[in-house]
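Quick notes on the structure that follows.
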Amino acid sequence: MSEQKTLGEMLNERGVSRRAFLKYASYTASILALPPGAATAIAQGLASARRQSVIWLSFQECTGCTESITRASGPSIEDLIFDFISLDYHHTLQNASGHAAEQARLTAMEENAGKYIVIVDGSVPLKDDGVYSTIAGMTNLQMLQETVENAFAVIAVGSCAAFGGIPGANPNPTGAVPISQIVTDKPLINISGCPPIPEAMTGTIAYLLSFGTIPELDHLGRPKAFFGETIHDRCYRRPFYERGMFARSFDDEGARQGWCLYELGCKGPVTYNACATLKWNGGVSFPIQSGHGCLGCAEPNFWDMGGFYQPLATATGDSTRWVAGAAVAGAAIGAAAALAARQKRKKILQEG
Amino acid sequence: MMLLEFARGPAMQIALTVFVFGVCYRLFSLFLLWRTQDSSAGSTRQRPVVVAAAREIIRRLWPQAAYKQRTLFALINGYIFHLGLAIVVFALAPHILFFKDLLGVSWLSLPNNVIYAVAVVTVASMVTSLVLRFALPVLRTISTFDDYFSWLVTFLPVITGLIATSHLGAPYETLLAIHLLSVALLLIWLPFGKLMHFVWVFVTRSQTGVQLSHRGAQL
């Protein structure tokens, strides 16, 4: 539940030093690509903020997004985040279950009407009246609509919530849709990725708490601070791409030398995310650094983009039958046209 | 991303289909046409068919002395953008991947920066060719829609490819999609306009060579 003390007072009571707090604010400002002065604004904003009520709804998802946000290492950033927010409802992390859990959600909504943040991971099934995913006797659609009614803002975390993701992949048997199709009258932030980078989630929440506004978003509703550049633009293997030095299989000399993975299907050039800069597991590595191309998981329809190992330069879909048919049809019609011309000529000669 | 999906998927599929249909149609409709047999005895200086064809192809690679002064600039310019196009199309690694996926064969690529430089020269050369077409009265008079449209659909993939590589004006995936769509347009137009000379160029020159040789022309 939300508490009435400010975050500054609470952290002070818990022995979090001002230095540690400012360090956190500076780190948050830097990952959000804000100017240095913003660190002070974040520190002041956070210190004077009340503990933010957050309701986390999990729909058609795999819990990978939760795994991601709880897996962050480093200077206990998430410890601070869990001090800043009151996570009033979250299937995986809450103690309560059954009716008590649902009551916690309803109480948080009532006590913080107009102020609470709803975080959603997972897509919402609409087919067959949404029977494919229900919680406490409610369809995901019903629960989402009820919960966001008095929310301050909604954050769709993960590609399933942001774009439909894997549940929405062809043939989309449950009629899964992204949150943006349902929540149209509230501020909505998409933090895509499968899963999203922990700092992208925590950093966005910190921004909301500090400034009380939505950060600058791209055309897909994602914070530009994290989704402003492609993986390819910031990839340390980029020079190999420019020089035309590519790994052609996962165990050739090029792969051992750490050359560009474009030919092995890397989707880095069309994927906007901060993997190449923030990296994962406390800045240890990211998929390309581990020797595998980017899957493009932060982009819409990444599952149906023509195969993870199919290079970006190639056409998707199998054209073989179409092209073979076209060749036969072209030859047949061409031959018929030539024969018709021959017949016509013959007729003219006979008549003439 | 939707535009890129469309460009890589249905648009390319349709373009390849139309391209193959068109090329097959043109080949069969021409080669199966009635050809008037030249029943004359032929010159004593007549060369074997293959030799006559080959000599004419080689002879046409460079202008005759009488025309050299007037045509040399346009000819060299033509060589520049034809060679440039060949290098850009066939030596850029992503293009080779496209061909490998389609045809199953691949070859070595050139570094991107080299291709970039060649593409810039190609663009300049193609613009020059258009300026020449406008500037020379005779050339302007005999130019048709086919000439201008063929120029446009050839120019677009080069310029959009350069813009995509330079990340100018729009997100990369949008630029890449526009580039692929321009390639699709080129493929669709290719068999039906003057660009079909990519197949006919040596066929027509061979035919001319054989006919001229039959009449005793010195090739």
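So that the names make sense, note that chain A is the first sequence line, chain B the second, and so on, each numbered from 1.
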Inset, instruction - Measure distances from Thr17(B) to the heavy atoms of chain A and classify the residue's part below 4.5 Å as side chain, backbone, both or neither. - result: both

Inset, instruction - Against chain A, label Leu33(B) side chain, backbone, both or neither, depending on which of its atoms sit under 4.5 Å from a heavy atom there. - result: both

Inset, instruction - Please flag which part of Phe302(A) lies under 4.5 Å from any non-hydrogen atom of chain B: side chain, backbone, both or neither. - result: neither

Inset, instruction - Measure distances from Pro191(B) to the heavy atoms of chain A and classify the residue's part below 4.5 Å as side chain, backbone, both or neither. - result: neither

Inset, instruction - Fit a plane to each ring of Phe250(A) and His292(A), take the angle between them on a 0 to 90° scale, and name the class: parallel (under 30°), tilted (30 to 60°) or perpendicular (over 60°). - result: parallel

Inset, instruction - Identify which part of His167(B) has an atom lying under 4.5 Å from any heavy atom of chain A, answering side chain, backbone, both or neither. - result: side chain

Inset, instruction - Give me the ring orientation class for His179(B) and His95(B): parallel if the planes are under 30° apart, tilted from 30 to 60°, perpendicular past 60°. - result: parallel

Inset, instruction - Evaluate the ring pair (Phe, Tyr, Trp, His ring centres under 6.0 Å) criterion for residues Phe192(B) and Tyr25(B): first the C-alpha distance (whole Å), next the side-chain angles of each, then the deciding distance (0.1 Å), finally the verdict. - result: CA-CA 10 Å; Phe192(B) 304 108; Tyr25(B) 171 80; 7.3 Å; no

Inset, instruction - Give the minimum heavy-atom separation between Phe163(A) and Ser192(A), together with the two atoms involved. - result: CE1-CB, 3.3 Å

Inset, instruction - Apply the test ring pair (Phe, Tyr, Trp, His ring centres under 6.0 Å) to residues His232(A) and Tyr262(A): give CA-CA distance (whole Å), side-chain angles for both, the deciding distance (0.1 Å), then the verdict. - result: CA-CA 10 Å; His232(A) 186 63; Tyr262(A) 185 88; 7.1 Å; no

Legend entry - Contacting region of Leu108(B) [heavy-atom separation from chain A under 4.5 Å]: neither

Legend entry - Leading residue by heavy atom contact count with chain A [cutoff under 4.5 Å; candidates Val20(B), Val114(B), Leu97(B)]: Leu97(B)

Inset, instruction - Calculate, to the nearest 0.5 Å, the distance between atoms CD1 and SG belonging to Ile288(A) and Cys235(A) respectively. - result: 4.0 Å

